Amino acid sequence: MVGRTFIEVRVSHDRTVRNNASRAEVANRLSGRTVQDVRRHGKFLIIGLDSGYTMVAHLGMSGRFSIAQPSQTKSAHTHFVAVLDNNTEIRFIDPRTFGFIAAYDEDEVSSSGLARLGPDAWTEPLDVDDLAASLRGRVAPIKALLLDQGPMAGLGNIYADEVLHLAHVHPLTAGGDLNHHQVGALLEAVRVVLGAAIDAGGTTLDDLAYLLPDGQAGESLEGLRVYGREDQPCRTCGTAIQRIVVRSRSTHFCPSCQPHV
DNA sequence: ACCTCCCTGGCC
DNA sequence: GGCCAGGGAGGT
């Protein structure tokens, strides 16, 4: 991608570019620009362009990118197409439209969600003291704080539940109530859970909403410890997995392995 | 720091 | 026919 130029950009859904003023603003800011670097921070994809504009993309719930030849028929829900100078297309497909693509100037980057992200959970792992410091005094449940992207960025609902189970931490524990040992266990669990998820190519649920760029499904659904396993036996101790709702997000845990303090 | 909203395919 | 899933943004 680095060095490629966007020959033409077509936006076909308003909501996909809702963080910009208009479809045309996005197309105009990206067209003719050359990619300088491609990064990821949490769940945001960040593409630096030679113009100073930054393309920011988020897959939301159901977004995916595909690389295609211009002659290939478009999948349903293709909301954005960038034609590259090697005559391939980058297509953004997103049925539920929770994802977005933005073209930001410097000020807009600083006032966007990107600026509120904590260190990346995978590439900038915190040490125990730093995470403990950012949780100190927080009364919100640790599940909510993991989803918040502030203490650390990158965990969504599935992996937050998986991490808490592996760390033996109850999802409703107030962030500031975690002891030093639990904070350490949480960080180790992040490393293990994300490492396994990356190796497996991510988690494709039964709805097949998430697919790898080549259209293949990820593999780790069977490996999940608690997510989506309400009433099924905990793989560690056999106790029935419970499902509760935290901040209107479905939350799964083992009441035996993750006792409430 | 909390709540509400957005959206559509899949399922009951 | 109606409900559910859930990421982030914006408002209170």
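Labels below follow one simple rule: chain letters A, B, ... track the order of the sequence lines, proteins then strands, and each chain is numbered from 1. All values derive from a computational prediction rather than experimental measurement. FYI, side chains are in, hydrogens and waters are out, and symmetry mates aren't considered; it's all heavy atoms of this structure.
- Straight-line distance from the CZ atom of Arg138(A) to the C1' atom of dC2(B): 12 Å, rounded to whole Å.
- Hydrophobic clustering, defined by side-chain heavy atoms of Ile, Leu, Val, Met, Phe, Trp and Tyr closer than 4.5 Å, groups Val109(A) together with Phe44(A), Ile46(A), Val56(A), Phe100(A), Tyr104(A), Leu114(A), Leu117(A).
- Every residue two or more places apart in sequence or in another chain was checked for a side-chain hydrogen bond (donor to acceptor under 3.5 Å, both in side chains) with His260(A), and none qualifies.
- A sub-4.0 Å separation between OP1 or OP2 of dG8(C) and a side-chain N or O of Gln149(A) is present.
- The CG atom of Leu145(A) sits 9 Å away from the P atom of dC2(B) (whole-angstrom rounding).
- dT8(B) atom P lies 12 Å from atom CG of Asp14(A), rounded to whole Å.
- Across residues 100-118 of chain A, Gly113(A), Arg116(A) each have a non-hydrogen atom less than 4.0 Å from an atom of DNA chain C (numbered order).
- Contacts of Arg249(A) classified as side-chain hydrogen bond (donor to acceptor under 3.5 Å, both in side chains), with partners at least two apart in sequence or in another chain: none.
- Under the rule for a salt bridge (Lys or Arg N to Asp or Glu O under 4.0 Å), Arg229(A) has no partner lying at least two apart in sequence or in another chain.
- Axis angle between the ends of the helix from dA1(B)-dT12(C) to dC12(B)-dG1(C), five pairs each and rounded to 10 degrees, works out to 40°.
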Write down the protein N/O and nucleotide N/O pairs, taken from nucleotides 2-6 of chain C, whose separation is under 3.5 Å; answer none if there are no such pairs.
from, atom 1, to, atom 2, distance (Å)
dA5(C), OP1, Arg243(A), NH2, 2.4
dA5(C), N3, Arg96(A), NH1, 3.1
dG6(C), OP1, Asn157(A), ND2, 3.0
dG6(C), OP1, Tyr227(A), OH, 2.3
dG6(C), OP2, Ser250(A), N, 3.4

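- For residues 37-49 of chain A, the pairs satisfying side chain to side chain donor-acceptor pair (under 3.5 Å) are Asp37(A)-Arg39(A), Arg40(A)-Asp120(A), with sequence neighbours left out.
- In this structure, the CG atom of Asp148(A) is 11 Å from the P atom of dA9(C), given to the nearest Å.
- Listed nucleotides: dG9(B), dG7(C), dG8(C). Nearest to the side chain of Phe44(A): dG8(C).
- Under 4.0 Å is where a charged nitrogen must lie from a carboxylate oxygen, and between Asp14(A) and Arg23(A) at least one such pair does.
- For the salt bridge (Lys or Arg N to Asp or Glu O under 4.0 Å) condition, the pairs that include at least one residue of residues 127-149 of chain A, sequence neighbours left out, are Lys143(A)-Asp161(A).
- Taking Asn179(A) as the reference, His181(A), Gln182(A) meet the side chain to side chain contact (heavy atoms under 4.5 Å, CB included) condition, with sequence neighbours excluded.
- When the C1' atom of dA1(B) is taken as reference, atom CG of Leu147(A) falls 15 Å away, rounded to whole Å.
- A 4.5 Å side-chain heavy-atom check between Pro141(A) and Pro171(A) finds every atom pair outside the cut-off.
- Protein atom CG of Asp94(A) is 17 Å distant from nucleotide atom P of dC6(B), rounded to whole Å.
- Nearer to the 5' terminus of DNA chain B, by closest-nucleotide assignment, is the contact made by Arg247(A) (compared with the other of Arg247(A) and His77(A)).
- Under the side-chain hydrogen bond (donor to acceptor under 3.5 Å, both in side chains) criterion, Gln242(A) pairs with no residue at all, not counting sequence neighbours.
- One can place CG of Asn20(A) at 18 Å from P of dG8(C), the figure rounded to the nearest angstrom.
- By the side-chain hydrogen bond (donor to acceptor under 3.5 Å, both in side chains) test, Arg91(A) is found to be paired with Glu89(A), residues two or more places apart in sequence or in another chain being considered.
- Listed pair Arg15(A) / dT8(B) fails the phosphate criterion, with no side-chain N or O lying under 4.0 Å from OP1 or OP2.
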